[in-house]
Amino acid sequence: MTLELTGVRTAYEQFDFGPVDLTVENEVLAVLGPSGSGKTTLLSLIAGIATPTAGSIRLDGRALDGRRIEDRNVGMVFQDGALFPHMTARENIAYAASGADRVATLANRLEVTDVLDRTPETLSGGERQRVALARTLATDPALLLLDEPLSSLDTPIRNRLRDELHDLFESLDIPVLYVTHDQRTATALGDRIAIVHDGAVEQVGSPSQIHTRPSSRFVAQFTGNENCFEATVVDRTEDGAILQIGDIQFRTTTPDLPASQVTACIHPSRIGLDAPDAPVDGDVTAFPGTVTRWLHQGSEYRLRVELDRAPLTLTVNVLPTTFERLSLENGSTVQVTVPDESIHPIPDRA
């Protein structure tokens with residue numbers, strides 16, 4: 001099953017969306033972007049809630065343009081679940097199911113068998129979302145759209161459901177578009193991620209590509225890369241290029257840079273920290289530095305490190321084991337190592 005959007009556009013009073021060209025196979029495409037960027041508009045156009053002013057939308061070769069919502073065979077789950085309040089969970093699922101056996105199968109699959117005879121107001125947030133998803137899957141959709149279904153849930157419930165949904169989506173074997181503003185959810189669920197900004201799709205790629213090879217400064221900074229610097233290409237080799245950032249030169253493995261001025265991005269997770277006298281191995285650039293600030297973020301520490309040889313400050317993510325091994329505090333001296341392949345230049349100051 002393949003979803004294809006070609007030159008799709010629409011416009012509201014003060015918002016232009018598109019043109020968007022997008023192809024989604026039997027995979028999970030996480031649609032990530034800030035509020036008001038056009039994420040929900042994208043789903044609405046596919047579902048038939050909104051009408052494009054140009055372009056075409058096709059599902060497995062079949063044009064969806066002009067078809068009624070109920071004729072598209074597209075399932076959609078909203079943020080609040082939108083369950084019928086006067087019906088039990090069983091009745092909500094049965095509303096779209098082919099029979100009692102189908103209700104039982106979906107209830108078992110989504111672990112809501114124990115709440116089938118309860119009404120929505122008596123269910124927890126996680127239970128409501130699972131019932132809403134079961135009701136949507138009962139229609140056997142050829143395409144599944146989800147609009148931030150976990151955003152209103154408490155963190156522990158959201159994390160647990162995120163893990164459960166990953167396995168479920170993998171088993172469906174249909175295109176799934178999952179809209180979210182949460183980068184952890186996008187990375188955990190998405191086979192690929194589409195970054196939407198100001199009505200346009202800025203970049204589509206794997207979670208690793210999006211984070212370490214952003215196509216623009218916006219994508220880099222939106223995905224948590226604070227290390228974006230104006231740089232000059234001072235030399236080119238067969239293996240890459242030499243970039244000048246302030247008073248420091250960095251090697252990069254990116255060949256054939258057409259521009260002399262670029263934005264150099266170094267993701268915080270791709271920078272190493274070690275003891276000041278630690279040996280340096282491999283294709284890395286090493287500098288002495290000083291920790292000026294640190295923040296514990298649960299699964300990692302986020303540090304600000306000033307390089308001693310230049311007025312340049314880097315943001316660095318380290319695991320708790322590294323933080324504790326180096327006894328890092330404000331004022332700690334460290335060795336900063338930047339692997340050549342971690343420097344990602346974006347031409348023309350994008």
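All residue numbers refer to positions in the sequence shown, counting from 1. Keep in mind it's a predicted model, so treat the numbers as computed, not measured.
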**Message:** Using the rule side chain to side chain contact (heavy atoms under 4.5 Å, CB included), only one of Ile49, Leu146, Val74, Val179 pairs with Leu43; which is it?
**Reply:** Val179
Do [X] and [Y] come close enough that some side-chain heavy atom pair is under 4.5 Å?
X	Y	value
Glu226	Gln221	no
Leu106	Leu133	no
Leu116	Thr88	no
Ile195	Val204	no
Leu45	Pro52	yes
Leu168	Leu110	yes
Phe287	Asp308	no
Trp294	Phe323	yes

Side-chain donor-acceptor pair present, [X], [Y], cut-off under 3.5 Å:
X	Y	answer
Arg304	Thr315	yes
Thr290	Glu306	no
Arg162	Thr185	yes
Asp147	Thr40	yes
Thr232	Gln261	yes

**Asked** Between Asp167 and Arg109, does at least one N-O distance fall below 4.0 Å, as a salt bridge requires?
**Response** no
**Request:** Could you pull out the closest heavy-atom pair between Ala231 and Ile245, with the gap in Å?
**Result:**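 Result for this residue pair: CB-CG1, 3.7 Å.
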**Asked** If every non-hydrogen atom of Thr23 is compared with every non-hydrogen atom of Arg192, which pair is closest and at what distance?
**Response** O-NH2, 2.7 Å
**Asked** Does Phe84 have Arg135 sitting over its ring (NZ/CZ under 6.0 Å from centre, angle to axis within 45°)?
**Response**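 So Arg135 does make the cation-pi contact.
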**Message:** By the definition salt bridge (Lys or Arg N to Asp or Glu O under 4.0 Å), identify the one residue from Asp340, Asp283, Asp239 that meets it with Arg251.
**Reply:**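 Result: among Asp340, Asp283, Asp239, Asp340 is the only option passing the salt bridge (Lys or Arg N to Asp or Glu O under 4.0 Å) with Arg251.
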